[in-house]
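Each chain gets a letter, A, B and so on, in the order its sequence line appears, and its residues count up from 1.
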Amino acid sequence: MIPAPFDYAAPKTLGEAFALLEQHGDEAKILAGGHSLLPMMKLRFASPSFLVDINNIPGLSYIRESDGYLRIGAMTREAELEHSGLISSKYPIFTDASKLIADPQVRNMGTIGGNLAHGDAANDHPAVMLAMRAEVVVSSSEGQRVVPIDEFFFGFYMTAVQPNEILTEIRIPIPPAHTGSAYHKLERKVGDYATAGVAVQLTLGRDGICSHAGIGLTNLNPTPMRASRSEEALIGEKLTDAVIARAAEMAAEDCNPSEDLRGDEEYKRAMAGVLTRRMIHRALDRAKA
Amino acid sequence: MKKEITVTINGETRTATVEPRMLLAHFIREQLRLTGTHIGCDTSNCGACTILVNGKSIKSCTMLAIQADGKEIITVEGLATVDGLHPIQEGFHLNHGLHCGYCTPGMMLRAVELLAGNPNPSEEEIRWGISGNLCRCTGYNNIVKAIQYAGAKMRGEELPSTEPQFV
């Protein structure tokens with residue numbers, strides 16, 4: 001399959017990229033890793049007339065902690081997250097997620113920024129970002145704006161990123177001590193989209209009381225979904241098996257999965273509950289470690 | 001609008017004019033006439049079209065030729081040297097790591113990157129490492145053995161037995 005014709009430029013600076021986006025408006029698409037966009041173009045689900053390839057712009061790929069945030073450059077490849085020592089030692093939820101995204105070759109190309117900007121509820125990073133209460137930095141010729149993750153996903157393939165803007169950085173507040181996080185998705189085969197996926201981040205205060213909780217769901221709603229009621233069911237509580245089971249039930253009740261080849265609604269709700277329970281337990285174990 | 005690109009492929013510099021929409025797999029097969037790179041699913045699932053771009057294994061059905069401008073590409077044709085087969089080729093040969101051979105070029109190039117980053121992978125690491133490459137003939141066991149053989153040879157260790165094991 002060959003995409004419909006388009007024109008192409010690979011700018012060397014963000015400024016040139018912004019100028020191209022302003023010139024071509026919503027006829028242009030940004031090419032990052034390309035592993036969502038190019039398949040869609042081959043299938044004619046997308047036919048942009050212009051591609052702005054941002055792979056040759058330096059300075060968009062990094063993983064570092066500064067000013068209270070873990071900062072990840074938008075063009076950081078999934079493989080770089082997967083193999084980062086900082087990530088595996090301090091943010092294992094990313095290691096959980098990265099190794100479940102597609103396969104090694106795709107992870108060599110796919111970027112964290114693209115995974116979010118594609119706006120697909122079946123992608124894995126959105127749920128992780130919801131759990132970690134990330135902020136997304138979006139840049140244009142007019143400057144930068146910071147979008148909280150809860151205001152980022154608008155609808156199917158729609159995000160807060162406007163046609164003249166480029167997602168440039170993801171910021172995650174560095175969590176306090178006694179925080180644990182975990183992600184897992186149920187998949188039919190390696191590299192599949194999630195039948196159901198759940199990301200959890202928990203912080204324990206004194207006496208083991210849960211002070212913060214973030215829970216994000218993958219492919220269980222038309223947009224990436226925060227399991228708010230489940231979070232509230234944990235906060236202020238000692239995380240007994242009964243409390244955890246109740247929070248997991250709420251996630252199963254509140255999600256809105258649609259039937260497809262991966263399963264019917266009832267099955268996906270059940271799996272949402274199972275995974276939420278398991279990920280709360282795993283995050284709790286990591287918070288105590 | 002066609003654009004000129006220059007790539008180094010298997011050590012040789014080639015310049016060509018391509019439409020932006022030309023996929024790298026098609027460019028390699030049809031324009032450079034290097035047909036060792038196979039196209040299987042054309043949807044970035046099967047890994048048959050795997051090549052190395054600047055040392056990283058990628059699926060060439062899901063990269064544009066124009067994105068490879070200025071890059072260094074290795075395909076299966078670039079593995080052997082005048083001195084003989086690459087250790088990964090030798091491993092596949094001696095361990096019966098292929099039946100029909102369609103997945104083999106992609107499988108070997110993926111294995112080359114895997115061994116470059118992890119010279120002594122466990123069996124589990126090998127199996128995860130080739131999780132983006134489908135083989136519908138072998139059942140993977142002999143592919144795993146082929147990669148273990150190549151790893152041992154590249155580390156300069158005693159080579160594992162290539163006698164068939166009946167279990």
> Under a 4.5 Å cut-off applied to non-hydrogen side-chain atoms, are B:V53 and A:M109 in contact?
no

> Do A:K42 and B:T43 have side chains that get closer than 4.5 Å, going by heavy atoms?
no

> Does a side-chain heavy-atom distance below 4.5 Å link B:T62 with A:P39?
yes

> Contact part of B:M63 toward chain A, heavy-atom cut-off under 4.5 Å: side chain, backbone, both or neither?
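Both the backbone and the side chain of B:M63 come within 4.5 Å of chain A.
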
> Side chains of A:K189 and B:N45: does their closest heavy-atom pair fall under 4.5 Å?
yes

> So A:M1 and B:L23, do their side chains get closer than 4.5 Å, heavy atoms only?
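B:L23 vs A:M1: side chains apart.
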
> For A:N108 and B:K56, indicate whether the former's side chain and the latter's backbone hold a donor-acceptor pair under 3.5 Å.
no

> Does a sphere of radius 6.0 Å around CZ in A:R278 hold more than 12 heavy atoms from other residues, nucleotides or ligands, not counting ones at 6.0 Å or beyond?
no

> Below 4.5 Å, heavy atoms only, C-beta onward: do B:Q67 and A:L38 meet side chain to side chain?
yes

> Is there a donor-acceptor pair under 3.5 Å between the side chain of B:K3 and the backbone N or O of A:Y8?
yes

> Considering only heavy atoms, which portion of B:E113 lies under 4.5 Å from any heavy atom of chain A: side chain, backbone, both, or neither?
side chain

> Give, as side chain, backbone, both or neither, the part of B:T50 having an atom under 4.5 angstrom from any heavy atom of chain A.
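B:T50 touches chain A through side-chain heavy atoms alone.
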
> Would you check if A:L31 and B:L64 make a side-chain contact, meaning some heavy-atom pair closer than 4.5 Å?
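Side-chain contact under 4.5 Å: yes.
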
